[in-house]
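Quick notes on the structure that follows.
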Amino acid sequence: MNASAASLCSNMAAPVAGRCGFFVEKKKRFCKMIVGKGKVYCGEHATMEEGSSRRIVCPLDPKHTVSEDKLDKHLKKCNSREKPKPVYYVEDINSGSADGDETLQQVSLSERSRTQLESLLDKLKSAVKGLQFDMEDGVLSHPVLQEELNNPKNGDSAHKHLKQQVDGKHQDVGVQFERLQVDIQHLDLSKVPLLSQKKLPLVGVGKHLCGVATDLALRCLLETPRLREETEPSRKRLKTSSEPSDPESAVSVAMPDSSSGPVLGLVVALCCHHRCEWRHYVGQQFFLQRGLGAAEFSAFCRMSSWATCGLRPTNQGHPTEVPTNQRGDDEEHEPAEETDAVNGFLSADEREHVGRLCKRLIDGGRLHFLRTKGFDSKLSRYVNSQVTLENVLLSAVPSSSS
């Protein structure tokens with residue numbers, strides 16, 4: 001500790017009992033880390049102890065240090081060590097084909113000319129012909145939420161999330177839950193012991209599965225090898241009050257699979273279409289049928305952000321940038337990508353409309369995919385747009401033909 005720090009330290013209160021005695025000059029306070037019995041300093045500042053060994057950066061994670069003479073012992077228990085892969089980890093099992101994606105050059109909208117942008121808009125308008133854009137409102141609420149919704153301690157942000165989900169902290173006696181800590185991209189459901197041993201049916205539920213995560217989840221549920229053969233239960237068709245209309249009536253599609261397997265249904269709150277990737281996208285066939293490919297898909301993904309993050313008009317008639325898709329709340333979403341060319345011939349409202357068309361086209365491919373897998377699927381608004389602009393829900397149940 002240098003002289004200036006020591007002088008300042010002498011005028012400060014002593015460190016809290018049981019906490020580190022090292023004075024952090026930059027923060028003008030003592031370190032708050034807990035110390036071991038009989039120690040004055042925490043592990044990070046143990047070099048201040050007389051006779052202590054030299055500390056070095058952990059080779060597994062440079063964010064923390066370790067005593068040099070205890071390195072071998074630390075490496076065996078460090079939280080950053082590579083852990084054994086679970087039995088259901090199969091690398092890239094849900095990734096999809098990379099055909100046409102490995103040579104794709106990502107071109108930002110700002111690099112495109114007005115002519116190129118107009119060409120993309122023409123392709124977009126042609127591609128969405130025949131798609132239905134009317135979505136029903138399906139704003140539901142469960143009684144279990146009422147106590148929390150009425151709790152005065154919960155502010156606006158808490159209410160926003162409560163209106164979009166049911167608490168995941170299940171505590172019912174006799175109900176078995178198992179958390180799988182694995183990236184969906186590498187999850188082989190057929191190898192999950194709980195499912196394979198008990199032959200359990202599946203219902204997929206996801207809140208705001210950001211961009212590509214939605215496609216990975218759909219592949220995980222509906223394209224996992226051997227999942228149908230090993231876990232398909234005997235079940236009856238779940239009846240619905242009304243069959244959804246066919247949003248892809250103008251497009252020829254492959255015949256659906258004869259069985260939808262153990263998946264009884266799914267509901268996914270869609271989000272962040274600008275984070276989708278062609279390789280993982282389940283609607284590739286849908287795009288190709290419309291004369292579109294990886295390049296157009298990439299551009300439409302970028303343009304989709306205009307629906308929720310675009311420039312909006314101010315009281316003076318000039319656009320101002322809104323950094324999130326929540327009109328001021330704290331959810332993290334990237335700002336829309338703008339270009340001088342776009343600003344020259346599209347108004348803020350027109351950009352927002354184009355963004356919605358892009359989202360609808362991307363989701364149209366997902367509906368098409370579900371149909372080929374033997375499902376009836378639809379899009380609906382599950383919450384008011386004042387709560388979140390990302391308020392569209394994708395739901396699906398096995399079709400009567402399967």
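When a residue number appears, it is its place in the shown sequence, counting from 1.
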Query - All side-chain contact (heavy atoms from CB on, under 4.5 Å) counterparts of Lys32, not counting sequence neighbours - result: Arg29
Report task. List in chain and number order the residues that pass salt bridge (Lys or Arg N to Asp or Glu O under 4.0 Å) with Asp92, two or more places apart in sequence or in another chain; answer none if no residue qualifies. Result -> none
Query raised in the report: Where is the tightest heavy-atom contact between Tyr88 and Pro193, given as atom of each residue plus distance?
Result: CD2-CD, 4.3 Å
**Report entry** Spacing of CZ belonging to Arg366 relative to CG belonging to Leu361, to within rounding of 0.5 Å
**Finding:** 11.0 Å
Report task. Answer with yes or no whether the side chains of Ser190 and Asp188 bring together a donor and an acceptor at under 3.5 Å. Result -> yes
Query raised in the report: Hey, are Glu390 and Lys359 close enough for a salt bridge, meaning a charged N less than 4.0 Å from a carboxylate O?
Result: yes
Query - Distance under 6.0 Å and angle within 45° of ring axis: Lys373 vs Phe375 - result: no
Report task. Please identify each residue that fulfils side-chain contact (heavy atoms from CB on, under 4.5 Å) with Ala213, with sequence neighbours left out. Result -> Leu209
Report task. Check the pair Phe286 / Phe369 against ring-ring contact (aromatic ring centres under 6.0 Å, His included), numbers first and verdict last. Result -> CA-CA 8 Å; Phe286 176 80; Phe369 170 80; over 10 Å; no
**Report entry** His353 atom NE2, neighbour heavy-atom count above 12 within 6.0 Å
**Finding:** no
Requested in this report: Would you tell me whether Asp363 and His273 have side-chain atoms, one donor and one acceptor, within less than 3.5 Å of each other?
Outcome: yes
Query raised in the report: Do we see a donor-acceptor contact under 3.5 Å between the side chains of Ser113 and Thr115?
Result: no
Query raised in the report: Where the side chain of Ser305 meets the backbone of Arg302, is there a donor-acceptor pair that is under 3.5 Å apart?
Result: yes
Query raised in the report: Does any N or O in the side chain of Arg81 come within less than 3.5 Å of the main-chain N or O of Leu75, such that one atom is a donor and the other an acceptor?
Result: no
